[in-house]
Amino acid sequence: MTHNPGETMSDSTPDIPLDDKLALLSGATFWETHSVPSAGIRPLFLADGPYGLRHQSGQHDNLAIFASDPATCFPPGVAVGSSWDPELAARVGTAVGREAVAQGVDVVLGPGVNIKRTPLCGRNFEYYSEDPLISGVLGAAYTTALQAEGPSVSVKHFAANNQETNRQTISSDVDERTLREIYLPAFERVVRDARPGSVMAAYNKINGVHAWANPWLLTQVLRDEWGFDGVVVSDWSSVTDPVAAVQAGLDLAMPAEPEHIEQLRAAAESGALSMDAVDAAVALLTALAARPRPERVEIDVDVHHALAQDVAEGCPVLLRNEHDVLPLPKGVDVAVIGLLATEPRFQGGGSANVNATKIDEPLAELRTLLEREGSTVTYAAGYSLVGSPDAESLADEAIAVARRADVAVVFAGLGEEQESEGFDRNTLDLPADQIHLIRRVAATAARTVVVLSHGGVVSLEGWHDDVDAILDAFVLGQGGGRAIARILTGAVNPSGRLAETIPLRLEDHPSWVNFPGEQGHVRYGEGVLVGYRYFSSSGTPVRYPFGYGLSYSSFDSSLDSVEVTGSDSATVTVSVRNTGERAGAHVVQVYVSTDAGDVRRPTRELRAFEKVPLDPGESREVRFELDRRSFAYWDVERADWSVKEGEYRVQLADDASSVCGEVAIELEGDKSASAVTLDSAIAAWLDHPSIGEETNQTLGFASVEVPAEQMAQVRSMTMRQFVRISGLPVPLEALQLLADRTH
């Protein structure tokens, strides 16, 4: 169902008065929509909740200032993204769906599938990855599972919403190829594969047009191309022109905006507002409200807390483990240092903030596990998250504790004061007092382990080489304390992989030169070379690449075969074996690399992945079907996806920088080619699959040797220019006949 003004939709809502129709297009309260009892339309209740419900039955707001009802805080997107595990994403979706039923919520505002264009984005803790495949696969798994419980999701924030700075007014200036290849595919996968009940339009503009008033985005792409048949809702208080919003394809402007109804009525009476667009929106809202509401059930908070713990165990990434200091052996004296060990950072700030039912403390969980095995555990705070005049004495106390221990475990990271919805960071560095503390502990302790808690990437520079092990735990939800303790002690084998690159310097990042923008615009100048696509293509060194992660076990994988199954598809077979002595999970990563086509392609792009659990000595064969999109790029001239004839290298990699197997295949690609005219570049004529050779003959190039530098100049000319200035007797009639054959 589209918002095509030429299509009459009025028959779908024949008995609803105009004022009621217009009222349905905006909220009745902060979290509730209008109802029309006479037409059988009930209100819808919406609530924040990418990783746990923020349902406010009391005073309402969108910044988590007022209290929300207790709910389970599951691992946020940054953690689930690093799991590379759609099953974990689905388990979170199922649980959030059940809690939504229990609290009477019809639409859960999430998942967030925006791309991590910059590591400085204050909201990166909500999002999965810098890669659209991971984001789309995990987002679709979450959506399918949650909606199976009855409520709907509202996948967000559509689209190119990649920073918090000036988020209400900024224009994301991005070319269509980059939109299609990087910033839209995750949404497309969720829409096509999981059929979400709702999509949330973002605050920002795209190329000067607000996302909530963008007919190209909301109608042409979302509905007409992808087949979305749900409700498009605004982000809260974003709509300033309700008439333009409805005309563009927005169905519901939230929250309550009484003046919107008056503006819509005036536009409808003057003819400025299409009633077909109004009726289309009302029909979609009516259909969403008609979905049966499951009977409320009680949630066992202990069961859901255990689930939060279990999911958290699959997310942390072991970055460094010199001397096999981890897992911690039995009977050692351990110094736990850092305030985050007793006041854990387990989620982000802003609208996603969850009133957790219970919070695991890392120090308490470590004590429980270590002391039962004969270890001793001492603790020192080491620093304050909000600054303290006693910073040096806090550090001195920590050093004294570390000196007496066999291993020091330092908990470091960022508080919500450093990263949250509403603002972006200006540095990747940890707080200076924490860096100072880590270096002093590392210089004192026999062995030093650092556990990181944060929502966005943090720099490891200035202390990385001083420590023996680094466990990147991100923010893990309310069960994260137990998960960290079980990984440190070896009860759980770490299996996370980085879903975003950790650079050596902020200035090395492709977004750095164009972030956060100026004078109301942020230019996506890096194009498709986002994250690892840039680092791999440019050869810029990184601290840890996308896809990286260590295990307490070891794995051997091989690219067994790549079979071409069509003109633009292939089947990949990979064998993976656990060669270590512990059960663990390996993430198989398949990339595609090619120079085919007449556009700049990244050196490699992730095209398939699977997390494979294996017992010691166990082997498995994994098959991947690479479809057309795995080899395609967005052709702006054709306004469609293109697969060019040529060589494609299918790569098995441990991470985006470490290829361990490669098979080259030849694909026929698309048979169709762009039409040429006398005003097309000669390169388009010479490279055309139908007339290229005849063009070469007609121009006389086949009988003479043209130096490469001259041919480069000739290829850049239009045919008309070449004919005019070459002085050669080129038969225009023959050229026109060749051109006609391409149309």
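Values reported hereafter were calculated over all heavy atoms of this structure, with side chains retained and with hydrogens, waters and symmetry mates removed.
- Side chain of Asn166 to backbone of Thr169: no donor-acceptor contact under 3.5 angstrom is found.
- Of the possible donor and acceptor atoms, one in the side chain of Asn207 sits under 3.5 Å from a partner among the backbone N and O of Val174.
- Here the CD-OG1 distance, from Gln736 to Thr677, works out to 8.5 Å after rounding to the nearest 0.5 Å.
- Proximity of Asp655 to Leu498: side-chain heavy atoms (C-beta onward) are nowhere separated by under 4.5 Å.
- Under a 3.5 Å cut-off, the side chain of Glu164 and the backbone N or O of Phe423 do not form any donor-acceptor pair.
- Screening Tyr548, Tyr128, Phe609 against Trp84 for a ring pair (Phe, Tyr, Trp, His ring centres under 6.0 Å) leaves a single residue, Phe609.
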Between Thr540 and Arg505, is the side chain to side chain contact (heavy atoms under 4.5 Å, CB included) condition met? List the steps. CA-CA 10 Å; Thr540 302; Arg505 306 184 311 149; over 6 Å; no

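- Closest approach of Val137 and Arg189 over heavy atoms only: N-CD, 3.5 Å.
- Within 6.0 Å of the CD atom in Gln220, the count of heavy atoms belonging to other residues, nucleotides or ligands exceeds 12.
- When the shell of 6.0 Å around CZ of Arg195 is examined, it contains 12 or fewer heavy atoms from other residues, nucleotides or ligands.
- Salt-bridge formation is detected for the pair Arg180/Glu225: a Lys NZ or Arg NE/NH1/NH2 atom is positioned less than 4.0 Å from an Asp or Glu carboxylate oxygen.
- Contact annotation: the side chain of Arg223 approaches that of Leu284 to within less than 4.5 Å [non-hydrogen atoms, C-beta and beyond].
- In this structure, Phe535 has its ring center no closer than 6.0 Å to that of Phe546.
- Between atom OG of residue Ser593 and atom CG of residue Asp595 there is a gap of 6.5 Å, rounded to the nearest 0.5 Å.
- Taking the charged nitrogens against the carboxylate oxygens, Glu526 and Arg533 have no contact shorter than 4.0 Å, which rules out a salt bridge.
- In this structure the side chain of Asp635 never reaches within 4.5 angstrom of the side chain of Asp640, judged on heavy atoms.
- Side-chain contact between Ser274 and Gln247 is present, with heavy atoms from C-beta onward closer than 4.5 Å.
- For Gln168, the CD atom is densely surrounded, since the number of other residues' heavy atoms within 6.0 Å is greater than 12.
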Intermediate values then yes/no, salt bridge (Lys or Arg N to Asp or Glu O under 4.0 Å), Glu563 and Arg623: CA-CA 11 Å; Glu563 179 186 357; Arg623 289 169 63 88; 5.4 Å; no

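- The OG1 atom of Thr118 sits 7.0 Å away from atom CG of Asn124, with the distance rounded to the nearest 0.5 Å.
- The residues Arg543 and Asp508 are annotated as not salt-bridged, no charged nitrogen and carboxylate oxygen being separated by less than 4.0 angstrom.
- Counting only heavy atoms from C-beta outward, the side chains of Trp641 and Asp670 never approach each other to under 4.5 Å.
- Checking side-chain atoms of Thr501 against main-chain N and O of Pro503 turns up no donor-acceptor pair under 3.5 Å.
- In terms of heavy atoms, Thr143 sits closest to Val190 at OG1-CG1, 3.6 Å.
- Counting only distance, with no hydrogens or angles, the side chain of Arg523 and the backbone of Asn514 share no donor-acceptor pair below 3.5 Å.
- No donor-acceptor pair under 3.5 Å is formed between the side chain of Ser459 and the backbone N or O of Asp429.
- For the atom pair CG of Asp251 and OG of Ser234, the computed distance is 10.5 Å after rounding to the nearest 0.5 Å.
- Checked for salt-bridge contact, Asp175 and Arg600 miss the test: no charged N lies under 4.0 Å from a carboxylate O.
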Under the salt bridge (Lys or Arg N to Asp or Glu O under 4.0 Å) rule, what do Lys644 and Asp598 come out as? Steps first, then yes or no, please. CA-CA 9 Å; Lys644 296 300 184 182; Asp598 50 6; 5.2 Å; no

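- Salt bridge annotation for Glu181-Arg601: absent, with no cationic side-chain nitrogen under 4.0 angstrom from a carboxylate oxygen.
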Evaluate Leu506 against Thr427 for side chain to side chain contact (heavy atoms under 4.5 Å, CB included), listing each step before the verdict. CA-CA 7 Å; Leu506 175 61; Thr427 180; 5.9 Å; no

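- A cation-pi contact, defined as under 6.0 Å to the ring centre and within 45° of the axis, links Arg117 to Tyr524.
- Taken from CZ in Phe701 to OG1 in Thr695, the straight-line distance is 10.0 Å, to the nearest 0.5 Å.
- Residue-environment remark: CD (Glu507) exceeds the threshold of 12 foreign heavy atoms within 6.0 Å.
- Taken from CZ in Arg628 to OG in Ser567, the straight-line distance is 7.5 Å, to the nearest 0.5 Å.
- Across all their heavy atoms, Leu606 and Tyr532 have their closest contact at N-OH, 2.8 Å.
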Check step by step if side chain to side chain contact (heavy atoms under 4.5 Å, CB included) holds for Phe187 and Leu217. CA-CA 12 Å; Phe187 290 97; Leu217 183 72; over 6 Å; no

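- Around the CD atom of Glu518, the shell of radius 6.0 Å holds no more than 12 heavy atoms that belong to other residues, nucleotides or ligands.
- Closest of all the heavy-atom pairs between Ser238 and Asp235 is OG-O, 2.8 Å.
- Counting only N and O atoms by type, the side chains of Ser171 and Asp173 include a donor and acceptor under 3.5 Å apart.
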Trace of the side chain to side chain contact (heavy atoms under 4.5 Å, CB included) decision for Val676 with Ile691: CA-CA 10 Å; Val676 298; Ile691 65 167; 3.8 Å; yes

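- With Asn204 contributing its side chain and Ala159 its backbone, the two residues share a donor-acceptor pair below 3.5 Å.
- Between the side chain of Gln721 and the main chain of Thr718, a donor-acceptor pair closer than 3.5 Å is present.
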Apply salt bridge (Lys or Arg N to Asp or Glu O under 4.0 Å) to the pair Arg604 and Glu662, showing each step before the final yes or no. CA-CA 12 Å; Arg604 65 184 56 91; Glu662 177 179 281; over 6 Å; no

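- Using a 4.5 Å heavy-atom cutoff, the side chains of Val528 and Glu605 are not in contact.
- Nearest heavy-atom pair, Asp679 versus Arg720, reported as atom, atom and distance to 0.1 Å: OD1-NE, 2.9 Å.
- Side chains of Trp685 and Asn696 form no contact here, defined as non-hydrogen atoms less than 4.5 Å apart.
- Taking both residues in full, the closest heavy atoms of Pro111 and Gly139 are given as CG-O, 3.9 Å, listed atom of the first, atom of the second, then distance.
- Checking side-chain atoms of Arg607 against main-chain N and O of Leu133 turns up no donor-acceptor pair under 3.5 Å.
- In this structure, Glu419 contributes its side chain and Gly456 its backbone to a donor-acceptor pair below 3.5 Å.
- Using a 4.5 Å heavy-atom threshold, the side chains of Val564 and Leu667 count as touching.
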